[in-house]
Amino acid sequence: MNNIQVDLGDIKYPVLIGPNIIDKFCDNFESVGGKGEIYFIIDEVVFKKHFDSFTKIISKLDASVFCLPAGKANKTFASAMSIFADLNAKNISRDSTIIAVGGGVIGDLAGFISSCWYRGVRLIHFPTTLLSAVDSCLGGKTAINFRDTVNAIGTYHHPIAIFIDTNVLFGLPEREVSSGFGEIIKYSVLGASDITALLEDDNPLTVDTFGQIIGHSLITKEKFVKNDVMESEKRLCLNFGHTIGHAIEFSTIYNGEETLRHGEGVALGMVAISRICISLNFLSEEDLVRLLKLLKKFGLPTSFKASCIDMNREVLVRKIVDLAFKDKKRTSDSLRLVVAKGWGFPDIYPTNDRNLIEMGVKEVIL
Ligand code: GLY
C-alpha cells in the first residue's frame, strides 16, 4: 500500500493506493473517519463487475446502496433528485458517510449530493476510472450539468479520504486507461519530473509502476490546488490543454454520442496549445516532438479527421474555436489560456486572438 496525505492548506485527508484496496476497505473505513449511516452511490457497471467485493463491504458496513448508470447524461438534477428522494425515504441523517464508487460522473454527482444533504455530510471517493483516480477525486470540485452547460451547478466539498485500488484500474479496457494517461501526460508537461521519468521509461507498465504514477499524479495535483482551491490562479494551470481540448471533445459529439473520451480531447488540446506556444516562442519544436511521442506511446490521438463525423474541416474548426471562446475559465475581458513557457513552466496567457486559437486547432483537426 502506498498512502499519501493530501494537504491543501486547511484541508487534509489520506489517499490509500494499492492493489486489493477494495478488500481492505472495511478495515480502513473507521480509521479515515467514516462513521454514521453509510450510503453508497455506485456505478452499476462497476457494481456488477466487482459484485462479490462490494456486496461483502455493503453487508459488513450495513450500508444502503444507490446504483446508477455512469454516462454523462446522468450528471443531472434529475439523478440528484432521485438520490435525494432515496436519502429522504431512508431517513439518512446528517451524521452519515456517502461513498462514491465510479468515475468522474459519479464522483461529481455524489460529491454534489454530499455537499447539499443537510448542508454537508462526509464523503469518501473510490474512483474506478484512471481519469477520476488521477484528477477529479482530489480537489473538492463537485458538479452537475444544467441544460447544455457542463458542470454548470456545483460546490466545493472535499472527501475525508480517497481509496484507489490499482488492480481495479489496471484491469480497465485499454481505451479507458489511455484516456487517463491524457491527464497524466499533462502533469508531465506541467513539470512533474517523477512522472516524466516513469512515462519515458521503456520497461512495460506493471501494477506497481501504475500505482506510483497515480500517486505522483495526485501529489502534483495537490501542489496546484494547495491554497488555491477556488482556482484564482495556480489551480488554473491544471487546465493545460483543456480550453481547446474541451471544445474538441464537445464539438465532436456525433448523433448524441461522444466520439472522443475526455483524455483524448485533452491530448488533442495539448498538441494544439503546444503549437500556439511554439508560435509565441514559449516552446520549441523538440518539446512538441517529446509530447507527441508520449501521447502516441500511451495510445492517445494527435490529430482528428473531421470526415470521421461527416463534417467539413472548416466548419468543425470554426465550431471548436467558437466553443473555446466560451470556456468557463474566461474573464469578462478575455480567454485565460494555459500555456507552457518551456516544459515544466505553465503560465496564464490572456488573449482574444481568434487567429491564434484557430492556428492551434488547425494543427490537430484534419
Ligand atoms: N480538473 C482540474 C481541477 O480539478 O482543477
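In this text, all values refer to a predicted model and were calculated from it rather than measured experimentally. In listed order, ligands and their atoms are each counted from 1.
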Below 3.5 Å, can you tabulate the donor-acceptor pairs from side chains in residues 74-97 to any protein atom, sequence neighbours excluded?
{"unit_1": "Asn74", "atom_1": "ND2", "unit_2": "Pro69", "atom_2": "O", "d": "3.2"}
{"unit_1": "Lys75", "atom_1": "NZ", "unit_2": "Asp108", "atom_2": "OD2", "d": "2.8"}
{"unit_1": "Lys75", "atom_1": "NZ", "unit_2": "Asn151", "atom_2": "OD1", "d": "2.6"}
{"unit_1": "Thr76", "atom_1": "OG1", "unit_2": "Ala78", "atom_2": "N", "d": "3.4"}
{"unit_1": "Thr76", "atom_1": "OG1", "unit_2": "Ser79", "atom_2": "N", "d": "3.2"}
{"unit_1": "Thr76", "atom_1": "OG1", "unit_2": "Ser79", "atom_2": "OG", "d": "3.3"}
{"unit_1": "Ser79", "atom_1": "OG", "unit_2": "Asn74", "atom_2": "O", "d": "2.5"}
{"unit_1": "Ser82", "atom_1": "OG", "unit_2": "Ala78", "atom_2": "O", "d": "2.9"}
{"unit_1": "Asp86", "atom_1": "OD1", "unit_2": "Lys90", "atom_2": "NZ", "d": "3.1"}
{"unit_1": "Asp86", "atom_1": "OD2", "unit_2": "Tyr39", "atom_2": "OH", "d": "2.6"}
{"unit_1": "Asp86", "atom_1": "OD2", "unit_2": "Lys90", "atom_2": "NZ", "d": "2.9"}
{"unit_1": "Ser93", "atom_1": "OG", "unit_2": "Glu37", "atom_2": "OE1", "d": "2.6"}
{"unit_1": "Ser93", "atom_1": "OG", "unit_2": "Asp95", "atom_2": "N", "d": "3.2"}
{"unit_1": "Asp95", "atom_1": "OD1", "unit_2": "Arg122", "atom_2": "NH2", "d": "2.8"}
{"unit_1": "Ser96", "atom_1": "OG", "unit_2": "Ser93", "atom_2": "O", "d": "2.8"}
{"unit_1": "Thr97", "atom_1": "OG1", "unit_2": "Lys35", "atom_2": "N", "d": "3.2"}
{"unit_1": "Thr97", "atom_1": "OG1", "unit_2": "Lys35", "atom_2": "O", "d": "2.6"}
{"unit_1": "Thr97", "atom_1": "OG1", "unit_2": "Arg122", "atom_2": "NE", "d": "3.2"}

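Annotation: ring-ring contact (aromatic ring centres under 6.0 Å, His included) contacts involving residues 320-366, sequence neighbours excluded, comprise Phe282-Tyr349.
Looking at residues two or more places apart in sequence or on another chain, you find a salt bridge (charged side-chain N to carboxylate O under 4.0 Å, His left out) between Asp7 and Lys12, Lys226.
The residues lining ligand 1, counting any heavy atom closer than 4.0 Å, are Asp135, Lys141, Lys221, Glu231, Arg235, Leu238.
Summarising the geometry, atom CD1 belonging to Ile276 is positioned 11.0 Å from atom CG belonging to Leu283; distances are rounded to the nearest 0.5 Å.
Using modelled atom types, no side-chain atom of Ser115 and backbone atom of Thr155 make a donor-acceptor pair closer than 3.5 Å.
Under the 4.0 Å criterion applied to side-chain N and carboxylate O atoms, Glu249 and Lys72 are assigned as salt-bridge partners.
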